[in-house]
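Report on one structure; see the data block that follows.
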Amino acid sequence: MRVEIGVTTEMAIEDDVLVVGGGLAGAMAALSAADANDDARVRLVTYKQSTLRQASGLIDILGYTPAGEGPLVDPFDALESLPTGHPYERVGSEAVRDALAFFDEIAGDAYAGGHTNANALVPTHGGTVKPTARYPASTAAGLASDDRDALLVGFETLPDFDAPLAAAHLEAAGVPFDARGVTVPFPGIVRDDAKVTRYAHLLDRDETVTTGAGETGAREALATTVRDHLEDESRVGFPAVLGDDDADGVRAELADTLEVDVFEVPMGPPSLPGIRLEELLYGALEDAGVRVTSGVPVVDYETGANGSDEHIDHVVVDRNGTEIPHRADQYVLATGGLVGKGVRSERDRVFEPIFDCHVPHTPDRYDWFVDDVFGDQPYARFGLAPDRELRPVDATDEPEFVNLRAAGAVLGGYDYAAEKSGAGVSIATGYVAGKRAAEVVDR
Amino acid sequence: MATDTEVLVLGGGSTGCGIARDLAMRGLEVTLVERGNLTDGTTGRMHGLLHSGGRYAVSDQASATECIEENEILREIAGHCVEETGGLFVQRPEDADDYFREKLEGCRDCGIPARVLSGREAREVEPYLADDVKRAIEVPDAAVDPFRLCVANAVDAENHGTRIETHAEVIDLLRDGDDIYGVEVRHDSGPGKRAHGVAGTTEEITADYVVNATGAWAGQIAALADLEIAVRPSKGVMTIMNVRQVDTVINRCRPKGDADIVVPHETTAILGTTDEEVSDPDDYPEEEWEVDEMIDTLSELVPILEEARTIRSFWGVRPLYEPPGTGTQDPTDITRDFFLLDHAERDGVSGLSSIVGGKLTTYRAMAEEISDHVCEKLGVTASCATADEPLPGSENIEALEAGMDDFGLRSPVARRSKQRLGSRAREVLETDAPNPVVCQCEGVTRAEIRDAIADSGSDLNAVRIRTRASMGNCQGGFCCGTMASELHPEYDEATVRSALDELVQERWKGQRHALWGEQLSQAMLNYALHATTMNRDRDPAGEEDASLEYDAFDGGRPAAEPRTDGGKHGRNASRDRGDH
């Protein structure tokens, strides 16, 4: 779709690096571009809410090899032997380490796991354990390799986390501690269908709630509710609803009152650890001087500035019906995969909707899946094939554009769900794409 | 171990459950056995049309007349299973005027209320009909929930003393000379409520009379006693859309053809269908072209279907039959009427009758006729009451609709829950315990899930068909796990896990046929939720040897000193370990 757009009266907005997409990969690309070149003007344009809100907030690098071996104790070991075309193979293992170090710097105390190369096994709300390289500080006391007994606390109005079942499941998974679960009412929740953000805000603001013991702050009321159920356990896990703006404070106060360690179990969407990660990244973008334009989709692009159709001159964003050109020297595409709609499909084709970059796939949609839901699913690998510069290539392996790089789930050739590599690929490819873009900025 | 009963019904579809209810209400002792879940055969795999009879008004007027009679009865006795949508037979410019006229006359001949609408009037009823639709005949077609209907029959049969045994496959017919006196069943090892049998065991059930109501599988059952029934199973595809593009049943007004009906069903619309003879009702190809044809051909009637989102497709097998020697080639020409085969008259083997052919709309009338036959055989004189006695859930529906009680639920959830539960709504939803929504797409609450579990046990597909939980847009991506949680602690963790796996795989089966556009994105999201967030695809609890070496993994930042006091007093040590 290389459509010539009409002459526009709008002045183009000029930047050096333009990142399209505001998820983990886009944010990392913008941050790394700003970091690599102090002089570069970096802008991030984002349309819809990012898929971070659907993600657990864990930063996994590689939990299993593409062949299914694992859980891997050391994700970095396995990076050396990934198949050609895997995003990690494209950028190289050194870049993955550098990118993770860059993330660690940005995340600071909010994330843990950097003290070792080993993966952690984090209990999930389904009662399984998941291998991950970094994990939010709020989950740190819950690790499955920690042999202290744990009490899991669920709420009777929050059916997504059944604590007694999760505890039984963890024991079936052979964890080296006793896990016990209880289900309690959440003080202050009066509606059976309250959103998880309501739970978080009650604790954030320590709202006054009424329980059988009278009126108290929500934090104290929750601690009081749990204390009656606590036996010898030295740590207590809750579904990840323990605050948003003041999550550390909520956790610390519960821990102090109960005299145990407190941890969160990551949940499905909407995910507070995912929301907190998003807030952390957008704070960092602001600090780094990245301009963020949100709520606008990129609807078109034009080539030809240097007389070449391999060079993107500008993209066009739609701002409330007005088409605004955005011109940059270098572009990073980080619009997500099938979930984020950076990759789309119709009955007979899979495509990338903005630049129409080549998406390798078989035309027959009955070859896009296998019959076992958790089998080796071809659709999970749909996405762009990049060169080692992360430039998407066409069917003949030539870059689609000289100044377009791609990062995150819009890339194909890997199954992030099976490998547990989604966040890591976003961080590594975002880091490399942003850095390379900033390094070659022509100014 | 042998158990004995008066009448043994084979098959837990609408026919079998209808017969069981009818006979039980007449005071007979009945046992029903079903290989899988209730509705697992053809009943749960139909388009949900409650025929007005209009469809057969030209080709088969006897069936058409029977349809309109039963249609009117079911609106009364099964009101909570029926949505009175009305139906249209729509004529496009290329469809023959003669046939349109024959259809209209046929409806009138059969007592089916029918009224002609102009193209413009038809589009006022259904705005998404194509601009060039010429005219339409309005008939009292309706939408029926086959699961709810079948389960309500089963529940009422149980209320009248029937033993309903699911997950019990017939592995032998017990035959002594020229008499059939029972069956041997094998109780399955899958999750399910088995009040009588133990998984993996077999049981002989003897009976005064055996009714083979296994539809497309009737030939396989008969063969166990060396009897032959030439059932001609015919498959048809149904494709489910994510929203109701139409609120009226839309039929194409032409003699016959594939892809000629759209049925609004709950939150969805169902496109149907194809008609292809298959050799084995358990093993036939589900083909891409069939789905494409639904979308492409029905878009001629409702153009927005071309770009709409489908959430899954499924196939059903019609239990078509015709007497030996009829020799019809095209399965679309085989009669939809049913046949009662008395093996005493037919084969000289007493104690067994088989029912083949027929359709859901007339299940009750079929059950009545067969029950009359069984009673005659057994010398019972009680008469049929099923045309007048409402099914459980359909008593005093008007009183329920008049009531404003929302049981503390948000009104959209309350409305849908009450539609599903009918007159049982109060009994199920009135609770002091918290009652959060478990399935957001279909508005199903914990209380309704638990009610279904109490009825059907740990088989989550049985819970699904009773509640519609996991049948909406997300196809269970968000709610399968939560549904499973409701099984605990009544069922242990391992049972919950296998029940969840079974539901997830079942939901995937139908989605495979809808994997493009929004639904492929949904599938990837579901995969990510289950595999990325929960690691359910590589759950160490599911491994044969659960020997994961936890020691080798990150156990957290080392504490200043090991804890030995159980954590009650060492606050500082604990803070070092966790919060940093």
Side-chain angles (χ1 to χ4, degrees), chain A residues 56 64 73 109 113 115-116 118-121 124 126 128-130 137 140-141 143-146 148 156-157 159-160 162 164-165 168-169 172-176 192-193 232 234 251-252 255 259-261 263 266 268 338-339 341 345-347 365-366 368-369 373-374 379-380 416-418 420 422, chain B residues 288 292 408 410 433-438 446 478 481-482 485 488-489 493-494 496-497 504-505 508 512 515-517 520-521 523-525 527-529 531-541 546-548 550-557 563 566-569 571 574-575 577-580:
Chain A
S56 65
Y64 299 83
V73 173
D109 288 344
H115 60 276
T116 170
N119 270 326
L121 298 171
T124 75
T128 61
V129 295
K130 173 188 156 153
L143 300 188
S145 299
D146 183 336
R148 291 175 298 159
E156 52 191 21
T157 44
D160 283 351
D162 184 316
L165 179 62
H169 196 141
V175 295
D192 292 350
D193 58 355
D232 292 336
S234 57
R251 223 165 50 249
E259 300 187 334
V260 294
D261 278 356
F263 63 94
L338 286 166
V339 178
K341 309 291 168 61
S345 60
E346 293 170 353
R347 266 194 278 169
R365 68 175 189 265
Y366 278 65
W368 298 354
F369 62 82
V373 63
F374 293 133
Y379 73 81
Y416 68 78
K420 326 300 164 188
Chain B
E288 183 174 2
D292 284 333
R410 281 182 291 124
N435 189 23
V437 173
V438 170
R446 174 182 285 161
F478 285 75
T482 320
S485 296
H488 190 77
E493 189 276 331
V496 174
R497 188 160 13 104
V504 169
Q505 293 286 358
W508 175 245
R512 297 173 306 158
L515 288 186
W516 70 87
L520 183 59
S521 293
M524 188 66 215
L525 175 58
Y527 182 32
L529 293 178
T532 306
T533 304
M534 286 193 273
N535 198 21
R536 286 216 329 102
D537 59 327
R538 304 195 195 279
D539 183 357
S547 59
L548 188 50
Y550 286 89
D551 277 358
F553 292 84
D554 177 8
R557 185 170 288 178
R563 304 182 59 90
K568 287 292 188 188
H569 307 291
R571 188 188 307 171
S574 81
R575 303 309 305 282
R577 182 124 190 180
D579 288 313
H580 48 81

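Numbers restart at 1 for each chain; the letters A, B, ... are given by sequence-line order, proteins then strands.
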### Query
For chain A, which of B:Leu529, B:Leu525, B:Leu520 has the most heavy-atom pairs under 4.5 Å?
B:Leu520
#### Entry: Option that, when pairs with chain B are counted at under 4.5 Å, heavy atom only, ranks first among A:Asp160, A:Val373, A:Asp162
A:Val373
### Task
Output all residues satisfying side chain to side chain contact (heavy atoms under 4.5 Å, CB included) with A:Glu346, sequence neighbours left out; order by chain, then residue number.
A:Asp348, A:Arg349, A:Phe351
### Message
If we define contacts as heavy-atom pairs under 4.5 Å, which of A:Glu156, A:Lys420, A:His169 has the most with chain B?
### Response
A:His169
#### Entry: Any side-chain heavy-atom pair of A:Pro176 and B:Asp551 under 4.5 Å
no
### Message
Quick one, B:Asp539 and B:Met534 - any side-chain contact, counting heavy atoms below 4.5 Å?
### Response
no
### Message
So does B:Asn435 get a backbone contact from the side chain of A:Asp192, meaning a donor-acceptor N/O pair under 3.5 Å?
### Response
yes
### Task
For A:Trp368, check ring-ring contact (aromatic ring centres under 6.0 Å, His included) against everything at least two apart and list the hits.
A:Phe382
### Query
Side chain, backbone, both or neither: which part of B:Arg538 has a heavy atom under 4.5 Å from chain A?
both
### Message
Please rank A:Arg365, A:Arg347, A:Lys341 by heavy-atom pairs under 4.5 Å with chain B and give me the top one.
### Response
A:Arg347
### Side chain / backbone / both / neither for A:Thr116 at chain B, heavy atoms under 4.5 Å
side chain
### Message
Let me confirm one number: the CH2-CG distance from B:Trp508 to B:Leu515, rounded to the nearest 0.5 Å.
### Response
4.5 Å
### Query
Between A:Ala120, A:Gly422, A:Gly268, which has the largest tally of heavy atom pairs under 4.5 Å with chain B?
A:Ala120
## Note on the structure
Under 4.5 Å to a heavy atom of chain B? For A:Phe263 that would be neither
### Query
Under a 4.5 Å heavy-atom cut-off, does chain B meet the side chain of A:Pro164, its backbone, both or neither?
both
### Side-chain heavy atoms of B:Tyr550 within contact of A:Val129, under 4.5 Å
yes
### Query
Taking A:Leu165, A:Asp193, A:Leu143, A:Val339 one by one, which has the highest count of heavy-atom pairs under 4.5 Å against chain B?
A:Leu165
